[in-house]
There are 2 protein chains.
Amino acid sequence: MKNLDFAKTTLKDGFWRFYSNLDRSSVVKHVYDRFKETGRFDALRCMWREGEPNKPHIFWDSDVAKWIEGVAFLIEMSPEPEWEALVDEMVDNIAANQRADGYFNSYFLTVEPSKIFCNRDWHELYCVGHMIEAAIAYHKATGKDKLLNCVLKNVDMIYRVFVEEQSAAFVTPGHEEIELALIKLYDYLGNEKHLELARFFLDNRGNNEKDKENAHPHFNSAYFQSNLPLRELSEAVGHSVRACYLYTAMAMLAKRDCDTEMKAACDRLFDDIVNRKMSVTGGIGADHRGETFSCKYDLPNSDTYNETCAAISLAMFAGAMQELEVDSRYGDIIERVFYNGFISGLSLDGERFFYTNPLEIDRKKYARSTYQPICERVKVFSCSCCPPNVVRMLASISRYMYTVDGDAVYCNQFAESETKLTVGGKEAVLTQKTDYPLNGKITFNYSGEPMTLYVRVPDWCVEFEGKTENGFVKFNLTDGDSVTLDLPMRVHFIEANPYAQDNSGRYAVQRGPIVYCMEELDNGENLRDITLIENSTIKVIKEEGIPAPVIYIGAERRPKTDRLYRLKTTDRVGFTARLIPYFAFANRAASDILVWTMVK
Amino acid sequence: MKNLDFAKTTLKDGFWRFYSNLDRSSVVKHVYDRFKETGRFDALRCMWREGEPNKPHIFWDSDVAKWIEGVAFLIEMSPEPEWEALVDEMVDNIAANQRADGYFNSYFLTVEPSKIFCNRDWHELYCVGHMIEAAIAYHKATGKDKLLNCVLKNVDMIYRVFVEEQSAAFVTPGHEEIELALIKLYDYLGNEKHLELARFFLDNRGNNEKDKENAHPHFNSAYFQSNLPLRELSEAVGHSVRACYLYTAMAMLAKRDCDTEMKAACDRLFDDIVNRKMSVTGGIGADHRGETFSCKYDLPNSDTYNETCAAISLAMFAGAMQELEVDSRYGDIIERVFYNGFISGLSLDGERFFYTNPLEIDRKKYARSTYQPICERVKVFSCSCCPPNVVRMLASISRYMYTVDGDAVYCNQFAESETKLTVGGKEAVLTQKTDYPLNGKITFNYSGEPMTLYVRVPDWCVEFEGKTENGFVKFNLTDGDSVTLDLPMRVHFIEANPYAQDNSGRYAVQRGPIVYCMEELDNGENLRDITLIENSTIKVIKEEGIPAPVIYIGAERRPKTDRLYRLKTTDRVGFTARLIPYFAFANRAASDILVWTMVK
């Protein structure tokens with residue numbers, strides 16, 4: 001069972017078409033401009049000298065690599081000569097400056113050549129991992145092998161240093177990523193050595209002294225997912241992006257090695273995340289210090305971290321799991337992440353980003369000395385891992401739509417689209433006609449040899465009454481068939497587990513896959529004091545500028561008073577609350593926001 | 001109008017008798033033992049040398065002074081020969097080591113003699129202020145003038161250095177306290193010079209460059225209440241204890257100088273605190289970093305600071321205000337503070353203390369990296385300002401009961417007690433017979449010349465229907481009169497201002513002056529998920545070991561589930577919730593607690 005290559009699917013219209021167009025027309029350029037300004041691309045020339053501006057950083061190569069990977073995905077779908085020329089120039093710089101033994105990192109080669117592979121947390125292998133993914137994507141898109149040859153040389157050197165000589169100051173990377181990249185490389189070229197190196201990094205994690213001795217001054221082994229051997233893990237801990245990159249690789253290896261012990265660990269970890277440590281928006285990493293998972297059910301709204309990269313990494317983990325097992329829950333999580341906590345990281349004009357994605361902003365508290373989330377999207381941040389991650393994810397988002405298993409096709413995600421399949425050894429075409437997520441009606445048209453289509457019934461669709469297998473409804477399709485699934489899409493009020501006490505007595509509004517929020521701009525101040533009225537008239541309206549409908553619902557709030565404390569009152573002021581999709585918050589002006597609201 | 005000397009009133013029984021007995025029988029001794037162990041008393045010998053244990057600290061003298069003041073209050077009410085002998089020994093050490101010019105601080109004389117009066121934040125004048133109060137109390141209790149002479153000599157030196165020579169590195173103290181102490185000294189001895197020195201420190205605060213140049217590395221001028229000249233202040237800002245010590249002195253000076261501008265500032269500051277920056281328990285200082293006031297209406301429950309000393313300082317401020325103006329609001333605030341956020345700082349056995357007094361403890365969050373309140377009372381803390389503050393406040397608590405204005409007597413607080421008054425130039429006796437706060441029935445018996453008694457009708461008594469003046473009900477009493485006031489005392493559900501969003505949709509349970517809380521020990525985990533049922537049978541029961549009744553009330557909670565998110569449910573599990581007085585929390589074992597709860 002395998003996720004269908006994103007390039008087999010062309011998005012024709014609707015939500016994800018809007019965003020993939022935005023990616024090509026705006027996001028990729030704005031990320032390029034920022035990176036150019038800050039010297040990230042020029043750093044590849046390895047000419048920076050002390051005293052000059054734009055000093056390189058240990059993880060700049062990963063930013064560049066993610067951007068290249070994203071551009072490669074765009075090129076594969078339709079030519080981008082100007083971007084391609086720029087990538088070729090970057091590749092030339094990498095090739096020109098790669099050390100004879102294969103090592104490349106623009107920071108260490110330029111700033112601290114004596115510190116190579118000295119510190120586990122210095123992101124060197126992480127950067128190589130992203131460069132591997134970029135090289136694969138760029139070779140697949142253009143047939144050009146220069147970057148691929150660079151990374152192969154680099155990987156050979158890493159194999160020698162870490163596996164054969166064991167001469168580095170540590171055994172496994174402090175920031176995981178290279179593991180999943182190596183498995184992708186193995187899938188792409190079929191070289192066992194690459195799978196073996198990935199296996200080495202996974203098998204030797206959390207069970208060796210050398211990594212412990214190379215410890216971080218502030219962070220413990222749990223921060224690095226090195227507290228236990230991987231097959232013994234049952235709790236998602238530590239830096240959430242690193243964790244999910246690692247878990248993704250674990251799931252990928254479990255599949256390729258038929259490693260049931262590793263799969264069991266992946267099952268436990270996935271369950272721990274989605275049932276105890278995930279915001280209703282699909283965001284993860286609740287503890288802003290260290291960007292880490294917090295304790296189970298600790299899901300604060302204002303000071304949660306929910307990094308955009310963390311949402312992406314959870315989707316990647318779920319994507320790997322859906323290749324291991326037929327279960328609609330993986331598609332459910334991917335959908336929750338994509339439509340909420342992931343896409344919230346990008347502004348509607350494709351020019352500005354959120355690194356963190358809080359579920360509540362109360363600007364009156366900005367005078368406090370404690371951590372407060374920012375309320376305005378930014379064009380640049382010094383630690384800029386998220387924007388290029390958005391570029392590459394949006395350019396390849398259709399990868400998560402279909403999983404194929406012989407002549408069975410599982411539809412996990414919905415979008416107006418056309419997909420090329422191979423069924424019974426012959427080419428087949430499956431199209432989706434839908435306005436999803438405006439409504440839940442999806443029509444599939446098929447031409448090709450007989451096949452079985454399994455369509456995910458989303459977890460939000462509690463009103464669905466048909467028969468399902470593992471959460472999928474089954475259709476046997478033959479050439480010319482057209483089937484329609486009409487998923488009832490109502491406004492729902494969602495409650496959190498009683499242990500998630502921050503949200504006790506509060507509810508999230510969700511319609512289809514979209515979680516909603518209130519903004520002060522629409523609803524006035526003191527959002528937490530607003531109570532939505534469940535049985536009032538609810539209007540769902542598609543408005544200009546937001547690729548999902550807005551909700552209007554009856555609400556009430558307490559009148560203002562000068563008293564700080566008084567007897568419980570009952571007088572309320574009624575009004576119509578405007579709820580916008582969570583992902584669309586902070587696209588107008590600075591405003592308070594709130595997801596979890598009172599409902600009566 | 002003046003608060004009646006505490007020594008005129010003898011507490012006979014009830015709530016405050018319980019605590020003043022506890023003070024004499026336990027608290028004073030346990031604080032002594034801790035201070036002895038940690039070398040605070042021995043530091044007065046000024047013999048500590050580098051390398052020895054128990055290195056003195058810049059504010060240790062203030063800890064000792066508060067303890068001496070408390071002991072003096074106890075002695076004044078009834079002899080304590082052993083304590084008195086120990087105080088005499090301390091006074092001998094102070095006298096023996098006081099510098100010829102009058103300076104005394106056991107830290108600076110011993111550890112950093114070259115740093116005297118170099119740093120505004122080093123608490124030297126603060127320590128002298130407390131020593132002045134101790135000297136007055138000890139002289140008044142015993143007639144012994146040795147400590148009083150020491151402080152007079154010290155004050156003369158301070159007058160010379162700060163007013164005449166202006167040779168210190170700063171103009172006004174970084175930690176206020178000496179201002180109110182100097183005014184007390186003026187009241188006690190009538191020496192204008194002492195009032196003048198207090199006036200100097202107040203008039204020159206927030207309007208001079210020298211203090212600004214002597215700035216703190218982390219804290220701004222607002223932290224030190226030096227952002228504006230005092231008469232222009234309208235917002236309570238900065239370190240809350242320092243602030244209220246200052247505001248107390250401002251109110252005292254306003255009264256003695258008939259300074260209407262200063263009184264207006266006091267009115268604005270008091271209003272800002274009690275209407276925007278005070279927990280329902282009377283606690284203040286919501287921002288744990290810096291122990292400062294937060295922005296208006298920012299009243300977090302779990303990570304609020306609410307230092308015990310801050311509650312004491314607010315009561316002192318209100319006590320000074322009630323000498324300036326006849327208004328029951330001052331007695332209301334003093335009562336709220338005393339019965340809740342102040343006395344919560346002391347364990348029921350008088351042996352352990354809270355420095356901070358949170359309104360919510362969720363131990364499941366202890367795994368978070370962010371600030372979390374401690375859930376167990378401690379015997380020692382390195383910064384131990386609160387315990388001796390509790391000793392002196394409990395020993396003199398009856399100071400706040402009556403305010404006299406000629407032959408008019410204002411009763412601000414209630415307790416079974418006997419009070420000696422002077423009415424029409426003759427001695428008179430006023431007694432209170434009451435079980436307050438078990439119920440609201442208070443009988444006053446009077447013997448003496450005709451007088452007018454004004455009795456405060458508490459703000460919580462919304463059911464009171466009689467006629468009041470400025471919140472007081474008036475009785476004309478002649479010899480032998482007995483009058484009874486029966487204040488209806490019901491269980492109330494209190495709501496906070498809509499701007500205090502942390503408590504939106506939540507209510508505090510209050511009966512009479514007592515605010516209640518739930519403990520996990522009685523009610524199980526996930527306290528925030530409990531909803532109290534307003535119209536269920538409510539039982540108010542006096543139980544052993546707690547000097548105020550406990551409340552039993554119908555409640556419900558959601559059943560447990562494995563789901564993290566699901567559609568809004570309506571099934572609930574009913575049970576009887578046990579609420580204990582807030583001040584009694586954390587007296588059994590470690591437990592979660594919660595004040596603000598849901599009510600339906």
Side-chain angles (χ1 to χ4, degrees), chain A residues 274-278 280 286-290 292 294-300 303 362 364-371 462 492-502 504-508 510 525-531 534 557-569 598-599, chain B residues 274-278 280 286-290 292 294-300 303 362 364-371 462 492-502 504-508 510 525-531 534 557-569 598-599:
Chain A
V274 304
N275 290 327
R276 288 178 284 280
K277 297 174 179 172
M278 178 186 73
V280 70
D287 197 338
H288 61 84
R289 297 202 199 159
T292 56
S294 186
C295 36
K296 61 183 179 178
Y297 298 115
D298 180 28
L299 296 164
D303 73 347
D362 178 1
K364 289 197 293 299
K365 290 201 171 181
Y366 279 14
R368 274 183 74 80
S369 63
T370 52
Y371 172 87
V462 293
H492 287 148
F493 298 96
I494 306 297
E495 68 178 36
N497 190 294
Y499 278 87
Q501 289 198 81
D502 287 82
S504 287
R506 293 184 170 268
Y507 302 87
Q510 183 175 339
E525 55 190 356
N526 299 337
L527 297 174
R528 286 183 67 86
D529 207 53
I530 293 171
T531 300
E534 192 169 4
R557 61 174 16 123
R558 291 181 291 168
K560 294 196 175 176
T561 169
D562 293 335
R563 297 285 305 280
L564 181 53
Y565 301 110
R566 56 178 179 171
L567 286 190
K568 186 167 178 285
T569 61
M598 294 187 286
V599 172
Chain B
V274 305
N275 290 328
R276 287 180 283 281
K277 296 172 179 172
M278 179 186 72
V280 70
D287 197 338
H288 61 83
R289 298 203 198 159
T292 56
S294 186
C295 35
K296 60 184 179 178
Y297 298 116
D298 180 28
L299 296 163
D303 73 345
D362 178 0
K364 290 197 292 299
K365 291 202 171 179
Y366 279 14
R368 274 183 76 81
S369 64
T370 52
Y371 171 87
V462 292
H492 288 149
F493 298 95
I494 307 297
E495 68 178 36
N497 189 294
Y499 278 87
Q501 288 198 82
D502 288 83
S504 287
R506 293 184 170 270
Y507 302 88
Q510 183 174 341
E525 55 190 357
N526 299 338
L527 296 173
R528 286 182 68 85
D529 207 53
I530 293 171
T531 300
E534 192 168 4
R557 61 174 14 122
R558 289 181 293 168
K560 294 195 175 177
T561 169
D562 293 334
R563 299 284 305 281
L564 181 51
Y565 301 110
R566 56 177 179 171
L567 286 190
K568 185 167 180 286
T569 61
M598 294 186 285
V599 172

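Just so you know, these numbers come straight off a predicted model, no measurement behind them. In what follows, chains are A, B, ... by sequence order, proteins preceding strands, each numbered from 1.
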Heavy-atom pair count under 4.5 Å with chain B, highest-scoring of A/His492, A/Arg368, A/His288: A/Arg368
Contact summary for B/Thr561 and A/Asn497, nearest pair of heavy atoms: O-ND2, 2.8 Å
Side-chain donor/acceptor of B/Asn275 to backbone N/O of A/Leu564, under 3.5 Å: no
Part of A/Ile530 lying under 4.5 Å from any heavy atom of chain B: neither
Shortest non-hydrogen contact between B/Lys365 and A/Asp298, atoms and distance: CE-OD1, 2.9 Å
Chain A contacts, top residue of B/Pro300, B/Ser294, B/Gly290, B/Ala496 (heavy-atom pairs, under 4.5 Å): B/Ala496
Portion of A/Thr569 that has a non-hydrogen atom of chain B nearer than 4.5 angstrom: both
Nearest non-hydrogen partners of B/Pro498 and A/Pro559, listed with the distance: CG-O, 3.7 Å
Which portion of A/Arg276 sits near chain B, non-hydrogen atoms under 4.5 angstrom: backbone
Contacting moiety of B/Arg563, where chain A heavy atoms sit under 4.5 Å: backbone
Top contributor to chain A contacts, counting heavy-atom pairs under 4.5 Å, from B/Asp502, B/Thr292, B/Asp287: B/Asp287
Within-4.5 Å side-chain heavy-atom neighbours: B/Tyr565 and A/Gln510: no
Atom of B/Asp529, atom of A/Gly505 and distance for their closest heavy-atom approach: OD1-N, 4.5 Å
Portion of A/Asp303 that has a non-hydrogen atom of chain B nearer than 4.5 angstrom: both
Beyond-backbone contact of A/Val462 with B/Arg566, side-chain heavy atoms, under 4.5 angstrom: no
Proximal component of A/Tyr297, with respect to chain B [non-hydrogen, under 4.5 Å]: side chain
Lys NZ or Arg CZ of A/Lys568 over B/Phe493 ring: under 6.0 Å, within 45°: no
Partner chain A: residue of B/Val599, B/Asp562, B/Thr531, B/Ile494 with the largest heavy-atom pair count (under 4.5 Å): B/Ile494
Interchain contact, A/Glu534 with chain B, by part (heavy-atom threshold 4.5 Å): side chain
Which atom of B/Tyr499 lies closest to which atom of A/Lys560, heavy atoms considered: OH-NZ, 2.9 Å
Top contributor to chain A interface from B/Arg506, B/Glu525, B/Lys296 [non-hydrogen pairs under 4.5 Å]: B/Glu525
B/Ser504 and A/Arg557, any side-chain heavy atoms less than 4.5 Å apart: no
Residue A/Lys277 versus chain B: region with a heavy atom under 4.5 Å: backbone
Heavy-atom closest pair, residues A/Cys295 and B/Lys364: SG-O, 3.0 Å
